[in-house]
Amino acid sequence: MNVIIVKDYEEASQKAFEIMVEQVKSNPNSALGLATGSTPLRLYELMREDHKKNGTTYKGIRTFNLDEYYGLAPTHPQSYHYFMCHNLFDELDIDMNNVHVPKGEGSIEEETEAYNKLLEENPIDLQLLGIGSNGHIGFNEPGTSFDSTTHYIQLKESTIQDNARLFFNGNIDEVPTHAVTMGIKNILQAKKVLLIACGENKAIAVKGMVEDEKNVELPASALQDHDDVTLIIDEAAASLLTKK
Ligand code: PGA
């Protein structure tokens, strides 16, 4: 793992932006795996600004999001589909036919199968990840098999609480209890992985991911098996690492 420790969230976002734009420019037909949550917000803002100012084009870019809440329509303001349009796609020149977010509605079996097929046909060049305070990547909660592909999952209480704090106006009862997520195997198939972790509440998960033995209770530790992972971690999230 290539671990880059930076001062703060702003620096982490700038660094991630450099890597993202380099990917888009060097291969304008890239398949990008994208993430939601609070972590990539500034990165997405930088991408929007750069597109506007410098004209970086996304016309040939294909995107594949990690996950979606189950039970929310794509038009629901708390859905990840809506999040992506609002925070990124609406202000880029991306072809919306090339944008893919798992569907959080309808037949789970059909949807997960279709998403796995899509990922097989479109190998991801760069997968962006955040990390949950419990070590999840995507919505692969602790205990998820490293061999998992896109699947339906029950969210842990800690995830529901984290997400209620940041979204859903703090109303825990509005956070869906289930989601559809790319599996860990899908994530490991990406050619490159870029994970951003910021803030003290990520420090335990970061330590587990980087320094502890790989184990399913810390889903992000699966990344130890990947040979091209860049971790951008701010000082607070890196505070428990012993081998700096
Ligand atoms: P966050 O979530 O970016 O809102 O901290 C990260 C995650 O749950 O993967």
Side-chain angles (χ1 to χ4, degrees), residues 1-6 11-37 39-40 43 47 61-67 100 102 115-132 134-151 181-198 202-234 237-238 240-244:
M1 288 175 163
N2 174 24
V3 181
I4 302 174
I5 299 176
V6 296
E11 219 178 290
S13 304
Q14 296 281 351
K15 188 83 210 150
F17 167 71
E18 282 166 27
I19 294 171
M20 187 61 87
V21 165
E22 162 63 21
Q23 176 67 44
V24 168
K25 286 188 173 162
S26 65
N27 176 4
N29 298 312
S30 294
L32 302 178
L34 296 180
T36 50
T39 304
L43 163 64
M47 289 167 72
I61 296 289
R62 291 156 291 141
T63 68
F64 302 87
N65 263 79
L66 283 166
D67 46 16
H100 307 277
Y115 211 66
N116 282 325
K117 190 158 172 279
L118 197 63
L119 294 172
E120 262 168 46
E121 292 164 357
N122 295 274
I124 290 182
D125 294 297
L126 177 63
Q127 175 66 56
L128 175 67
L129 296 174
I131 183 171
N134 67 1
H136 72 209
I137 45 175
F139 269 140
N140 291 287
E141 296 283 38
T144 306
S145 161
F146 288 175
D147 275 334
S148 54
T149 54
T150 307
H151 62 287
T181 182
M182 260 190 217
I184 293 177
K185 189 172 169 189
N186 302 120
I187 293 172
L188 292 177
Q189 281 167 343
K191 289 178 201 150
K192 281 184 259 177
V193 175
L194 171 62
L195 184 146
I196 312 172
C198 292
K202 302 291 171 71
I204 293 173
V206 164
K207 173 155 184 358
M209 163 173 67
V210 178
E211 293 185 354
D212 292 354
E213 211 152 289
K214 213 176 36 164
N215 84 88
V216 294
E217 291 311 315
L218 205 299
S221 67
L223 298 174
Q224 291 173 14
D225 279 346
H226 196 288
D227 62 9
D228 193 346
V229 177
T230 300
L231 306 177
I232 303 179
I233 309 174
D234 77 351
L240 296 178
L241 292 179
T242 55
K243 303 168 209 153
K244 291 179 195 162

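Any value given below was found using the heavy atoms of this structure, including those in side chains, with hydrogens, waters and symmetry copies removed.
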Could you report the tightest heavy-atom contact between Q127 and L34, atom names first, then the distance?
NE2-N, 3.9 Å
Residues at least two apart in sequence or cross-chain that pass side chain to side chain donor-acceptor pair (under 3.5 Å) with T230, listed by chain then number, are none
Pair L223, L129 - check side-chain contact (heavy atoms from CB on, under 4.5 Å), show working.
CA-CA 11 Å; L223 298 174; L129 296 174; 4.0 Å; yes
Taking D125 first and then K192, would you say they form a salt bridge - that is, a charged N and a carboxylate O separated by under 4.0 Å?
no
Minimum-distance pair of heavy atoms, taken over all atoms of N215 and S221:
N-OG, 3.0 Å
What is the minimum heavy-atom distance between E141 and H136, and which atoms define it?
OE1-ND1, 2.9 Å
Does the side chain of H151 reach to within under 4.5 Å of the side chain of T144, using non-hydrogen atoms?
yes
Can you check whether D147's main-chain N or O pairs, donor with acceptor, with S145's side chain at less than 3.5 Å?
yes
Determine whether L194 and I232 make a side-chain contact, defined as any pair of heavy atoms from C-beta on separated by less than 4.5 Å.
yes
side-chain contact (heavy atoms from CB on, under 4.5 Å), that's the test. Do T36 and D67 meet it? Break it down for me.
CA-CA 8 Å; T36 50; D67 46 16; 3.8 Å; yes
Heavy-atom nearest pair, P123 first then A31, reads O-CB, 3.4 Å
Rounded to the nearest 0.5 Å, how far does CZ of R62 lie from CG of N29?
6.5 Å
Pick out which of Q23, K25, E18 makes a side-chain contact (heavy atoms from CB on, under 4.5 Å) with V21.
K25
Measuring from I233:CD1 to L241:CG, what's the distance to the nearest 0.5 Å?
5.5 Å
With sequence neighbours left out, the residues meeting side chain to side chain contact (heavy atoms under 4.5 Å, CB included) with A205 are I131
Taking every non-hydrogen atom, the tightest pair across G130 and I137
O-CG2, 3.7 Å
Taking atom CD1 of I204 as the centre, does the number of heavy atoms from other residues, nucleotides or ligands within less than 6.0 Å exceed 12?
no
Reported CG-to-CZ distance for the pair L128 and F64, which is rounded to 0.5 angstrom
15.0 Å
As a quick check of understanding, evaluate side-chain contact (heavy atoms from CB on, under 4.5 Å) for L240 and E211, giving each step before the final call.
CA-CA 10 Å; L240 296 178; E211 293 185 354; over 6 Å; no
Find the distance between CG (L231) and CG (N2) and round it off to the nearest 0.5 Å.
7.5 Å
Is it true that N116 and T150 share a donor-acceptor pair across their side chains at a distance under 3.5 Å?
yes
Considering only heavy atoms from C-beta outward, does the side chain of F146 approach that of V216 to under 4.5 Å?
yes
Can you name the nearest heavy-atom pair linking N65 to M182, along with the distance?
O-CE, 3.6 Å
What's the separation between atom CG in N186 and atom OG in S148, rounded to the nearest 0.5 Å?
7.5 Å
Using the side-chain contact (heavy atoms from CB on, under 4.5 Å) definition, which of the options I124, L195, N140, T181 pairs with I187?
N140
Name all residues meeting the ring-ring contact (aromatic ring centres under 6.0 Å, His included) criterion together with F17; count only those two or more places apart in sequence or in a different chain, and write none if there are none.
none
Given side chains that start at C-beta, do those of D228 and K191 come closer than 4.5 Å, heavy atoms only?
no
Working to the nearest 0.5 angstrom, can you tell me the gap between I196 CD1 and D234 CG?
10.5 Å
Take a 6.0 Å sphere around CD of E121 and say whether it holds more than 12 heavy atoms from other residues, nucleotides or ligands.
yes
Tell me if a side-chain donor or acceptor on H100 pairs with a main-chain N or O of L119 at a distance below 3.5 Å.
no
